[in-house]
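We number each residue from 1, following the sequence as shown. Every number for a ligand or one of its atoms is a count from 1 in the order of the listing.
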Amino acid sequence: AKDRGRAHYRYFQEQMNLSFPNEALMESHLRRAIEKEELTIHYQPQVNLITGEINSFEALLRWNNRKFGYVSPMQFIPLAEESGMIMRIGDWVLDEVCKQLEYWQKKGYRPVRIAVNISPKQFKQENFAMKIREKINKYGITPHSLEVEITESAMTDMQDTFAMLKELKDIGVVISIDDFGTGYSSLSYLKKYPIDIIKIDQSFIKDMELDEKNAAIATTIIQLAHSLGMEVIAEGVEKDQQVEILKSANCQKAQGYFFSRPVPIDDINQSYMTAIQP
Ligand code: C2E
Ligand code: CA
Ligand code: CA
Ligand code: CA
């Protein structure tokens, strides 16, 4: 895992002309990012392709360092995982999201859901479900207003994974598989685990209007999800033609730059939350 983190770092250093001179310095700054209030959460709407309604958002972490500027989560999340900081950061994200849900619920807004990315390291903690339960109780939120996005790579041990997902399901949170189709696990887990939503990885959406193979894979995932009684969300939708293909394949929901980039909470409140107050 350590080598992978390094590789990631180098890649982005070249790609984005990163101003952090080394990983150690980035790590020491990241360690203080929470108390320095450098972390924020952006929210990306998930759009119902049939009705146009928006009832859910994905929470995406942002880090703006005072000295070195904006750092992509693709850079700092691997570093946070490698160093163990992801536990504290992940906890902070969950806390912020639950706080936001509490605010909306207390104000009497219509019910909406927020999906939170869960690192494999977090998910593999024995007391993860208990921590989720504590957050839900602490903020008094409706359990199904919270969604946990878990990747296939977190689902290694069959027994442990099943037990954890079952516990989360019993609490009432919504469970989705992120980046579906990019892991190496067998499909048999889909019938064993209590999964609500499959998120089609954006690599299959990209160029689907030109690449028949991508369109075929996406369409097959949609059918698979439906025949298993699960919901499906297409990620990374950027083009009108992609929306049309997804609609004709009966995909219920999509998110991507075509509809909206991830935006700060104030934008969400202004665009999606105030108008629908009864
Ligand atoms: P992800 O969970 O697969 O999130 C989707 C990524 O695609 C996000 O990148 C989002 O901004 C981007 N995206 C959304 N729509 C489009 C589109 O139409 N086109 C393209 N090209 N990209 C789109 P972001 O925000 O940079 O996050 C990258 C990754 O970092 C996430 O991938 C996730 O794995 C991780 N991450 C972000 N926030 C958190 C967090 O709070 N906790 C954990 N553990 N990981 C996080
Ligand atoms: Ca995600
Ligand atoms: Ca994803
Ligand atoms: Ca991803």
Report summary line: Ranking F76, F259, Y257, W63 by closest non-hydrogen atom to atom 17 (C) of ligand 1, top hit is Y257
**Report entry** Intermediate values then yes/no, salt bridge (Lys or Arg N to Asp or Glu O under 4.0 Å), E102 and K99
**Finding:** CA-CA 5 Å; E102 180 200 31; K99 221 180 275 175; over 6 Å; no
List ligand 1 atoms under 4.0 Å from [X], heavy atoms only on the residue side.
X    : result
E238 : 17 (C), 18 (O), 19 (N), 20 (C), 21 (N)
S119 : 44 (N)
E58  : 2 (O), 4 (O)
G236 : 16 (C), 17 (C), 18 (O)
V93  : 41 (O)
D179 : 3 (O)
R62  : 11 (O), 24 (P), 25 (O)
N117 : 2 (O), 39 (C), 40 (C), 42 (N), 43 (C), 44 (N), 45 (N), 46 (C)

**Report entry** Main-chain N/O of N48 paired with Q252 side-chain donor or acceptor, under 3.5 Å
**Finding:** no
Query raised in the report: Hey, is ligand 1 close enough to L61 that some N/O pair sits below 3.5 Å?
Result: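 Yes, there is a polar N/O contact under 3.5 Å.
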Which bit of [X] gets closer than 4.0 Å to ligand 1, counting heavy atoms only: side chain, backbone, both or neither?
X    : result
Q202 : side chain
P262 : side chain
V237 : backbone
Q255 : neither
Q44  : side chain
I77  : side chain

Requested in this report: For the pair F68 and H29, name the ring-plane relationship: parallel under 30°, tilted 30 to 60°, perpendicular over 60°.
Outcome: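 F68 vs H29 ring planes: perpendicular.
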Please name the atom of [X], limited to N, O or S, that comes nearest to the Ca ion (ligand 3).
X    : answer
D178 : OD1
D179 : OD1
E235 : OE1

Under 3.5 Å, is there a donor-acceptor pair linking the side chains of [X] and [Y]?
X    : Y    : result
Y43  : D267 : no
Q105 : S145 : yes
E81  : S119 : yes
N117 : E58  : yes

Query - Of K121, K131, K135, the residue whose pairing with D91 passes salt bridge (charged side-chain N to carboxylate O under 4.0 Å, His left out) - result: K135
Query - Side-chain heavy-atom pair P262, Y257 within 4.5 angstrom cut-off - result: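 A side-chain contact exists here, since the closest heavy-atom pair is under 4.5 Å.
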Requested in this report: Over all heavy atoms of both residues, which pair between A80 and I89 is shortest? Give the atoms and the distance, please.
Outcome: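 It is CB-CD1, 4.0 Å.
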Requested in this report: Could you walk me through whether K124 and D160 pass the salt bridge (Lys or Arg N to Asp or Glu O under 4.0 Å) test, one step at a time?
Outcome: CA-CA 8 Å; K124 283 177 180 161; D160 290 357; over 6 Å; no
Requested in this report: Report the residue from E238, Q255, E235 that forms a side chain to side chain contact (heavy atoms under 4.5 Å, CB included) with Q202.
Outcome: E235
Query raised in the report: Roughly, to 10 degrees, what angle do E149 atom OE1 and E58 atom OE2 form around the Ca ion (ligand 2)?
Result: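 That angle works out to 90° after rounding to 10°.
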